[in-house]
Colleague: 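I have a structure I would like to understand better, so I am pasting it below and will then ask my questions one at a time.
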Amino acid sequence: MPWVVRDTVDENNRAVGRRWQGLDRLLPPRAELPEGCAAPFVATGGNGRPAGLAACCHEHVKSGTLNQTWGTADRFSLVVRLREADTAAALDDLMGQWRDHLAGLPGTGADDTAAMITWPARDVSGVTTLLRHGLQPITVIAVRPARPGTAAPQPGGDAGPRPAGGESLVIREAGPADLDVVTEFEMGVIRYDALFGAAILRPVTEELVRAEIQAALAVRPARAWLAERDGEPVGLVHVQPPEESRWITGMSRSGVTVYLQTMFVRPGDRGGGVGEALVRHLHAVLDARGVDTTLLHFAQLNPLSAPFWSRMGYRPLWTGWEVRPAASLR
Ligand SMILES: CC(C)(COP(=O)(O)OP(=O)(O)OC[C@H]1O[C@@H](n2cnc3c(N)ncnc32)[C@H](O)[C@@H]1OP(=O)(O)O)[C@@H](O)C(=O)NCCC(=O)NCCS
């Protein structure tokens, strides 16, 4: 990128960071514009200064990787950095340039492709423009800032406060002997998320999930907990530690951040407080471990997620918008 353009990018990033802080304190303090596949798209501003910039990033996700379960094989993402409060006109301008760019690329009409934008959930000024260009809201990144002062759980499987879980419910760390049931519960979430377009089941998904879980269950401190009723597992919560959550921590404020990767309660055991007991237990553990921020994804159309996570102290931070195939962007 020539130095003049880099100056423009840096200045725009600072302005966008300031605007984000005004919109939502849990967004990152500084916006970054990554290197795209070509020079950034520029949105023309009213006073001769760009109203914003955007970079198109191409990602080919190899088959045989778990990442292919979380989206299409080829992903064309527009990273948008707009500095004015009303984003509608500038976003429309950038999306028009992006649409023409994607239309000229080979392969963007193939089934396993998507055009994607991750947009700040509280930046409502852009929503109608995203819809008009054919994008759909598929996923939500939700955030929970830690509540200081929560007591640590007692050793020996104490579940902490259990307002609805009942006396017979025990929460305990999952270990290597739980591989089968943890894999079954992880696959339960993936199958459920696939109903809403937030996951894509691949022939190798289960095998890859099993291998990932085998490794995760072997390490300490624990990162997965099971809820058991009468000795039988009925629910699971699984979190990635800070060092493995770095792929997403840049989406929020700085501090110790973890990613909650799985929350699942067996269908026949839902609505009885198992999920709440698991999450309360997890929050007590995370608070004791000094975690400042917890992030998670849920499918926008999952009817169980939004009310559950809201009650548990989470709220939308970003929305993942997509259209498949990529060339069907309007
Ligand atoms: C989301 C999920 C984990 C919640 O688990 P759960 O054990 O049903 O959660 P809870 O029972 O604590 O709370 C769920 C609902 O039951 C209600 N509930 C809680 N205790 C209850 C009780 N004793 N009797 C009846 N209802 C009760 C809650 O009010 C809550 O309702 P609301 O969310 O509409 O306000 C579970 O539905 C699930 O596994 N869904 C499929 C996978 C999934 O969506 N995972 C999350 C992906 S991000």
Side-chain angles (χ1 to χ4, degrees), residues 66 69-71 118 121 137-144 150 153 159-172 174 178 181-201 205-206 209 212-213 216 223-230 232-240 245 247-248 251-252 257-286 293-320 322:
L66 202 46
T69 294
W70 298 115
T118 306
I138 303 290
T139 53
V140 173
I141 299 176
V143 62
R144 172 197 180 253
T150 310
R162 278 182 243 160
E167 288 305 308
S168 62
L169 196 72
V170 171
I171 313 282
R172 65 165 177 86
D178 301 305
V181 72
V182 174
T183 303
E184 177 197 327
F185 288 178
E186 296 272 350
M187 288 303 298
V189 184
I190 291 171
R191 287 198 185 92
Y192 201 65
D193 276 338
L195 298 173
F196 315 110
I200 302 174
L201 269 172
T205 296
E206 186 156 358
V209 166
E212 188 206 61
I213 294 308
R223 51 183 72 180
W225 289 263
L226 284 166
E228 284 186 339
R229 204 185 285 289
D230 303 323
E232 199 186 333
V234 292
L236 169 77
V237 67
H238 182 177
V239 72
Q240 295 174 0
S245 301
W247 61 276
I248 193 166
M251 300 302 281
S252 189
T257 303
V258 295
Y259 180 70
L260 197 162
Q261 82 165 48
T262 307
M263 177 72 227
F264 183 79
V265 172
R266 276 195 333 199
D269 293 281
R270 289 179 193 158
V274 174
E276 181 171 339
L278 270 165
V279 173
R280 280 179 182 274
H281 183 86
L282 174 73
H283 285 168
V285 172
L286 296 180
T293 308
T294 307
L295 297 173
L296 57 84
H297 275 95
F298 65 81
Q300 171 73 51
L301 285 169
N302 178 340
L304 304 174
S305 283
F308 176 75
W309 289 121
S310 170
R311 266 193 316 112
M312 295 293 108
Y314 293 76
R315 53 90 166 166
L317 182 65
W318 297 89
T319 309
E322 279 191 42

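Because only heavy atoms are used, hydrogens play no part in the values below, and waters and symmetry mates are left out as well, while side chains stay in. Numbers here are sequence positions counted from 1. Atoms within each ligand, like the ligands themselves, are counted from 1 in listed order.
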Colleague: Considering Ala142, Ala227, Gly271, which one's heavy-atom position lies nearest to atom 16 (O) of ligand 1?
Modeller: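 Answer by nearest heavy atom: Gly271.
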
Colleague: For ligand 1, which atoms sit closer than 4.0 Å to a heavy atom of His297?
Modeller: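 Close to His297: 48 (S).
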
Colleague: State the atoms of ligand 1, each with its element, that fall below the 4.0 Å cut-off from a heavy-atom position in Trp309.
Modeller: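 This gives 48 (S) as the contact atoms.
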
Colleague: Under a 3.5 Å distance rule, please check whether Arg270 uses its side chain to pair with a backbone N or O of Val265 as donor and acceptor.
Modeller: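 Confirmed, Arg270 side chain pairs with Val265 backbone.
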
Colleague: For a side chain to side chain contact (heavy atoms under 4.5 Å, CB included) with Ile213, tell me which candidate from Met187, Glu184, His238 qualifies.
Modeller: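 In the set Met187, Glu184, His238, the residue that makes a side chain to side chain contact (heavy atoms under 4.5 Å, CB included) with Ile213 is His238.
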
Colleague: Residue-level breakdown please: for Asp193 versus ligand 1, do any non-hydrogen atoms fall below 4.0 Å on the side chain, on the backbone, on both, or on neither?
Modeller: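 Neither; nothing of Asp193 gets under 4.0 Å from ligand 1.
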
Colleague: I'd like to know whether Arg266 forms a side chain to side chain contact (heavy atoms under 4.5 Å, CB included) with Glu232, so could you lay out the CA-CA distance, the side-chain angles of the two residues, the decisive distance to 0.1 Å, and finally the verdict.
Modeller: CA-CA 11 Å; Arg266 276 195 333 199; Glu232 199 186 333; 2.6 Å; yes

Colleague: Checking Arg144 against Thr294: is there a side-chain donor and acceptor pair closer than 3.5 Å?
Modeller: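 Per modelled atom types, Thr294 and Arg144 side chains form no pair under 3.5 Å.
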
Colleague: Aromatic rings His297 and Trp247: how do their planes relate, parallel, tilted or perpendicular, breaks at 30° and 60°?
Modeller: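 Plane angle under 30°, so parallel.
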
Colleague: Do any nitrogen or oxygen atoms of Phe264 lie less than 3.5 angstrom from nitrogen or oxygen atoms of ligand 1?
Modeller: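 No, since none of the N or O atoms of Phe264 sits under 3.5 Å from an N or O of ligand 1.
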
Colleague: To the nearest 0.5 Å, how far apart are CD1 in Ile248 and CH2 in Trp318?
Modeller: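 Between Ile248 CD1 and Trp318 CH2, I get 10.5 Å after rounding to 0.5 Å.
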
Colleague: Return yes or no for this condition: an N or O of Pro307 is under 3.5 Å from an N or O of ligand 1.
Modeller: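 Min N/O separation from ligand 1 is not below 3.5 Å for Pro307.
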
Colleague: Which is it for Ser252 and Leu295 under the side chain to side chain contact (heavy atoms under 4.5 Å, CB included) test, yes or no, and what are the steps along the way?
Modeller: CA-CA 8 Å; Ser252 189; Leu295 297 173; 4.1 Å; yes

Colleague: Does only the side chain of Arg311 get under 4.0 Å from ligand 1, or the backbone, or both, or neither? Count heavy atoms.
Modeller: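 Near ligand 1, Arg311 shows its side chain, while the N, CA, C and O stay back.
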
Colleague: Supply the atom-to-atom distance Met251 CE to Ile141 CD1, rounded to the nearest 0.5 angstrom.
Modeller: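 With rounding to 0.5 Å, CE (Met251) is 4.0 Å from CD1 (Ile141).
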
Colleague: Within the 4.0 Å heavy-atom shell around Glu276, which atoms of ligand 1 are there?
Modeller: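 Every atom of ligand 1 under 4.0 Å from some heavy atom of Glu276: 12 (O).
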
Colleague: Against heavy atoms of Asn302, which atoms of ligand 1 measure under 4.0 Å?
Modeller: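 Answer for ligand 1: 43 (C), 44 (O).
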
Colleague: Got an N/O contact under 3.5 Å between Leu304 and ligand 1?
Modeller: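 No.
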
Colleague: Val274 heavy atoms, cut-off 4.0 Å: which ligand 1 atoms fall inside?
Modeller: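 Contacts of ligand 1 toward Val274, numbered from 1: 7 (O).
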
Colleague: Should you measure from each heavy atom of Ser305, which atoms of ligand 1 turn up under 4.0 Å away?
Modeller: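 Those of ligand 1 that fall under 4.0 Å from Ser305 are 44 (O), 46 (C), 47 (C), 48 (S).
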
Colleague: Mind checking whether Val189 has an N or O less than 3.5 Å away from an N or O of ligand 1?
Modeller: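 Between Val189 and ligand 1 (N or O atoms, distance only) the closest approach is not under 3.5 Å.
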
Colleague: For Gln240, does its backbone N or O pair with a side-chain atom of Ser245 as donor and acceptor, under 3.5 Å?
Modeller: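 Yes; judged by distance alone, with no hydrogens or angles, the pair exists.
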
Colleague: Who gets closest to atom 42 (C) of ligand 1 by heavy atom: Tyr192, Phe308, Tyr314, Phe196?
Modeller: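 Nearest heavy atom to atom 42 (C) of ligand 1 lies in Tyr192.
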
